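Down below is the structure, laid out as structure tokens.
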Amino acid sequence: MFALADCNNFYASCERLFAPHLEGRPVVVLSNNDGCVIARSNEAKAIGIPMGAPYFQIEKLIRRHGVVVFSSNYTLYGDLSRRVMAVLAGFAPRYEVYSIDECFLDLFALPFDLTDYSLRIVRTVKQWTGIPVSIGIAPTKTLAKLANRLAKKGQSPAGAVLDWSRLLSPEQALASIPVEDIWGIASRSGARLRELGITNALALRDADPKRLRSIFGVVMERIVLELRGTSCLSLEIAPPPQKQIMVSRSFGDRLSAQDDLRAAVASFAARACEKLRSRRLHAQALSVFLQTSPFDTSRPGYANSLTIPLEAPSQDSHLLIGLALRGLERLYLPGYAYQKAGVLLLDLVPSGVQQGSLFAPSGADTVRSASLMAVIDRINHSFGRQALRFGSEAVSAQWRMRALLKSPAYTTRWAELPRVRAT
DNA sequence: TCTGGGGTCCTAGGACCC
DNA sequence: TCTGGGGTCCTAGGACCC
């Protein structure tokens, strides 16, 4: 049996945790650059604020209903996620952290009533972290997802927990779920399924898996089987090795000057290298991209990218920033209003086991590079990110994001700890 | 004026191998 | 007039996830 524990309106719940007076009020959290709505409290959903709505399009609605708005604060969400996962981990012999707010638990062979046990999990997570979660239980991951969804919609007599096997009519439940709400099906496949007359989860369950495989591929076949109770997706206890690292941002304002873009790309490359080293990986290729806004149809657009293979695997910021800037030079065209750029590190391999290069110099230089990077990382860890940085990053700060409504780093910065007063 | 960021998997087609 | 069979690797593009 799989149990899926999923935090309710996670980012909105995180914000409320340290602003309890917002309980019962509509709250939304915006994406980076205060662009789109990416989390909504139940009250905000009830008002009709859609997921992913651009902020500027719904500002009136937000003001009319007194919706409280936050910029995203990933430091806070990441830290609270870690705490929630630590609590969940104590309840199951095997578990898979699936996303920042979701965790699959293996409840197979536990000698308890699974609903009672899951209700205890929900209470404990709430009490120890302050974050509300819901749990769906089922014989496959896909059904556990659906069970969770139904629990969140108040369809379970047990409240925050729904066990699929206890449904009086699974057929009725499946029929109530639009095909696009199934895990792994989004608007495109959804539209094509609808053309075939398959509009809900029940119709998909009863469709011919081989036929759907020939039309959609193996992914759709697996979904059909999972809906029938045949488990095709197993618990991934150890995360598979990471294949790429990306750092990209939309700019607070459009950029045209090459120097501004250089500072942005250098900063992205430097940040990507920090991630690379903290995960003990080396990169074997680097890719740079930049683009104008895809939404701006009033002037000509431009988007391009370039991938540069490395002579030997590297984790050296100096080398990789240099390559990224050389890539940018080849991509950059004057006269455009750029909206976004990014750096990808590719073909990642574990540090220490990389294939050497027949041509690149090795030995003393790599040892020196590794020591230097370690010192930089240590200093930045002690004195704060960017305490020490590369000159090319500091040339311009024009690219900085907008984040006008950001809450404090309540749990990760001494200076921003919340104060509690007893009266 | 203003529309996120960071990932994965699958497939088809081309190029190549013996 | 007539030109095999069985593979792998790589890449781009599509689709999806949270």
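Note that this is a predicted model, so its numbers are computed, not measured. Throughout, a chain's letter reflects where its sequence line sits, starting with A, and its residues are numbered from 1.
By the 4.5 Å heavy-atom criterion applied to side chains, L225(A) and C232(A) are counted as neighbours.
No donor-acceptor pair under 3.5 Å is formed between the side chain of T140(A) and the backbone N or O of S231(A). Within the 3.5 Å criterion, the main-chain N or O of T142(A) finds a donor-acceptor partner in the side chain of E226(A). The closest donor-acceptor contact from the side chain of R16(A) to the backbone of L22(A) lies under 3.5 Å. When atom types are taken as modelled, the side chain of E96(A) and the backbone of E236(A) share a donor-acceptor pair closer than 3.5 angstrom. Side chain of T124(A) to backbone of R120(A): a donor-acceptor contact under 3.5 angstrom is found. No donor-acceptor pair closer than 3.5 Å links the side chain of R94(A) to the backbone N or O of L105(A). Using modelled atom types, one side-chain atom of S156(A) and one backbone atom of V161(A) make a donor-acceptor pair closer than 3.5 Å. Between the S214(A) side chain and the R211(A) main chain, a donor and an acceptor come within less than 3.5 Å of each other.
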Both atom distances under 3.5 Å, Watson-Crick or G-U wobble: I'd like the secondary structure of DNA chain C as a dot-bracket string, with | for pairs made across strands. ....||||||||||||||
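A search for side-chain hydrogen bond (donor to acceptor under 3.5 Å, both in side chains) contacts involving R271(A) returns E274(A), not counting sequence neighbours.
Heavy-atom distances under 4.0 Å link DNA chain C to no residue of residues 195-207 of chain A. Proximity of residues 213-222 of chain A to DNA chain B (heavy atom under 4.0 angstrom from any strand atom) is restricted to G217(A), V218(A), V219(A), R222(A).
Using modelled atom types and a 3.5 Å distance limit, the side chains of S165(A) and D163(A) yield a donor-acceptor pair.
The distance between the ring centers of W399(A) and F268(A) falls below 6.0 angstrom. In this structure, Y11(A) has its ring center closer than 6.0 angstrom to the ring center of Y74(A).
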Letter by letter from the 5' end, nucleotides 1-6 of chain B scores (B base, S sugar-phosphate only, - none; protein heavy atoms under 4.0 Å) -BBSSB
Counting primed atoms, P, OP1 and OP2 as sugar-phosphate and everything else as base, the B/S/- map of nucleotides 7-18 of chain C against protein heavy atoms under 4.0 Å is --------SSSS
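Of all heavy-atom pairs between L4(A) and N148(A), the closest is O-ND2, 2.8 Å. Contact record, V133(A) with N8(A): C-OD1, 3.6 Å, taken as the closest heavy-atom pair.
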